[in-house]
Protein chains: 2
Amino acid sequence: MAIPRAAKTQRRTRIQEEKEERILGAALDVFSVNGFRGATIDQIADAAGMSKPNLLYYFRTKEAIHRQLIDRVLFTWLEPLRAFNADGNPEAEIRSYIRRKLEMARDYPRESRLFANEILQGAPRIEDELKGPLKDLVDEKAEVIRAWARAGKIARCDPYHLIFSIWSTTQHYADFDVQVRAVLGQDYAGDGRFEDAARFLEQLFMDGLRVRNT
Amino acid sequence: MAIPRAAKTQRRTRIQEEKEERILGAALDVFSVNGFRGATIDQIADAAGMSKPNLLYYFRTKEAIHRQLIDRVLFTWLEPLRAFNADGNPEAEIRSYIRRKLEMARDYPRESRLFANEILQGAPRIEDELKGPLKDLVDEKAEVIRAWARAGKIARCDPYHLIFSIWSTTQHYADFDVQVRAVLGQDYAGDGRFEDAARFLEQLFMDGLRVRNT
DNA sequence: GTAATGTTTTACCAACCGGTCAAATTATCG
DNA sequence: CGATAATTTGACCGGTTGGTAAAACATTAC
């Protein structure tokens with residue numbers, strides 16, 4: 001008898017593990033471009049090189065695939081922020097946070113776009129995670145930044161908007177990649193633009209946050 | 001005989017003008033949330049308070065509606081950048097550019113999201129406009145910024161990435177509105193957050209770009 | 001008023017959509 | 001090998017989708 005999906009506490013087959021990963025990869029391609037509504041199971045099955053019923057043997061619904069992708073992204077996406085260390089050197093912490101976020105935009109653009117698509121569409125499937133775990137983490141780190149400002153280690157500024165501005169500037173290179181390429185032109189299309197972006201953002205945030213004694 | 005749509009050089013009826021506007025408004029609502037593929041004509045017709053065939057009497061295809069919306073947005077979206085004045089005071093010009101972009105994110109969030117959706121999906125319908133008019137305009141303004149830097153009026157920096165960072169930070173408040181609200185909490189939901197954002201971004205960019213004599 | 005034009009509705013279509021089912025096929029294990 | 005469980009397939013279903021055709025209805029111009 002065929003038990004549809006990791007139903008019981010049974011261990012997962014090698015094939016299951018492999019196919020599920022292939023499906024998730026294909027689904028990431030499709031969802032990150034078309035969003036949830038715009039993506040079809042056929043597209044995903046096609047990209048994964050299998051038939052639709054076969055795909056549905058591993059994931060019961062379209063939503064189940066999306067759910068799993070979103071859960072993964074939500075977790076890994078916040079890694080850099082979690083690594084933010086209250087006891088470290090403020091300037092170095094912010095600098096390395098920017099660099100890490102930029103590296104993620106470069107190395108995981110599909111994940112960034114998947115998330116962007118979900119937020120753009122009103123985040124109907126992850127509202128709770130945003131208002132819960134995400135908000136809590138940001139609140140915590142905002143307090144760290146505020147403490148640094150009070151101690152005179154960085155310029156006084158709104159920590160929430162600082163975080164927003166780091167998110168937006170870095171993710172821009174993944175989410176708006178097409179536009180960035182179009183504006184910079186073909187010659188610039190290489191990975192060199194990421195180094196230029198890193199240099200620029202570093203200068204912007206470091207000088208923008210340095211305590212000025214005028 | 002019913003001539004489907006402004007076919008000949010005929011003038012448009014009062015009813016045509018009015019209905020077309022109502023359709024475009026409704027379509028903006030739907031497209032900006034669901035993207036092109038995710039949106040349906042039925043949804044748009046519903047939102048516009050008319051039947052689907054009636055809507056299709058004014059716009060022959062779903063793509064025609066989207067096309068017109070995108071064209072409008074592309075034009076108005078670049079207004080602030082066009083207003084960028086080479087002969088003005090550099091600091092004041094950049095400051096007012098930021099403010100204007102932020103006001104647009106506040107006042108026209110649907111337009112911002114429509115554009116973001118299109119870019120996220122690889123900009124299949126506006127690639128030419130990006131590589132043509134958009135790139136030309138940015139090239140021109142980048143040269144202005146570069147000249148300011150050479151003249152020592154602002155800090156030396158990559159003008160393209162400066163423009164990208166202004167775009168991303170300001171549009172973030174429209175495109176990622178749901179996330180911003182979730183993180184800031186209900187109490188902050190009012191328009192106050194736009195003033196806070198304006199203050200923060202002003203500080204960030206002004207201090208980040210000021211010439212430092214260290 | 002009436003004829004021409006402009007607008008709206010009703011009924012419809014073929015393609016596509018998410019998902020099911022049962023049968024056929026393949027892998028695993030004793 | 002044979003039996004059992006896991007995987008794959010093809011045929012199918014009800015609902016949705018973008019779009020059409022033609023007739024009914026409303027508006028305007030004379």
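Chain A is the first sequence line, chain B the second, and so forth, proteins listed ahead of strands; every chain is numbered from 1. No hydrogens, no waters, no symmetry mates; every other heavy atom, side chains included, goes into these values.
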Do the side chains of A/Asp158 and B/Arg193 get close enough for a salt bridge, i.e. N-O under 4.0 angstrom? no
Electrostatic pair B/Glu79:B/Arg82 at N-O distance under 4.0 angstrom: yes
Could you pull out all residues at least two apart from [X] that satisfy side chain to side chain contact (heavy atoms under 4.5 Å, CB included)?
{"X": "B/Asp71", "value": "B/Arg67, B/Glu129"}
{"X": "A/Glu93", "value": "A/Asn85, A/Trp148"}
{"X": "A/Thr61", "value": "A/Glu63, A/Ala64"}
{"X": "A/Ala142", "value": "A/Pro159, A/Tyr160"}

Compare the minimum distances between each of C/dG19, D/dT7, D/dT9 and the side chain of A/Lys19, then state the nucleotide with the smallest one. D/dT7
Options C/dG19, C/dT9, D/dT8, nucleotide nearest the side-chain atoms of A/Leu56: C/dG19
Do any side-chain nitrogens or oxygens of [X] fall under 4.0 Å of OP1 or OP2 in [N]?
{"X": "A/Ser51", "N": "D/dT9", "answer": "yes"}
{"X": "A/Asn54", "N": "D/dT7", "answer": "no"}
{"X": "A/Tyr57", "N": "D/dT7", "answer": "yes"}

All N/O contacts under 3.5 Å from nucleotides 14-17 of chain D to the protein, with atom names and distances to one decimal?
| unit_1 | atom_1 | unit_2 | atom_2 | d |
| --- | --- | --- | --- | --- |
| D/dT17 | OP1 | A/Arg37 | NH2 | 3.4 |

Expressed in angstrom and rounded to an integer, what is the separation of [X] atom [atom1] from [N] atom [atom2]?
{"X": "A/Asn34", "N": "C/dG18", "atom1": "CG", "atom2": "P", "result": "11 Å"}
{"X": "A/Leu55", "N": "D/dT9", "atom1": "CG", "atom2": "P", "result": "12 Å"}
{"X": "A/Arg22", "N": "D/dT8", "atom1": "CZ", "atom2": "P", "result": "8 Å"}
{"X": "B/Phe59", "N": "C/dT7", "atom1": "CZ", "atom2": "P", "result": "13 Å"}
{"X": "A/Ile44", "N": "C/dG18", "atom1": "CD1", "atom2": "C1'", "result": "11 Å"}
{"X": "B/His66", "N": "D/dG19", "atom1": "NE2", "atom2": "P", "result": "13 Å"}
{"X": "B/Tyr58", "N": "D/dG18", "atom1": "OH", "atom2": "P", "result": "20 Å"}
{"X": "B/Glu20", "N": "C/dT7", "atom1": "CD", "atom2": "P", "result": "9 Å"}

Taking only residues at least two apart or on different chains, which pairs with a member in residues 98-114 of chain A satisfy side-chain hydrogen bond (donor to acceptor under 3.5 Å, both in side chains)? A/Asp29-A/Arg110, A/Ser112-A/Asp175
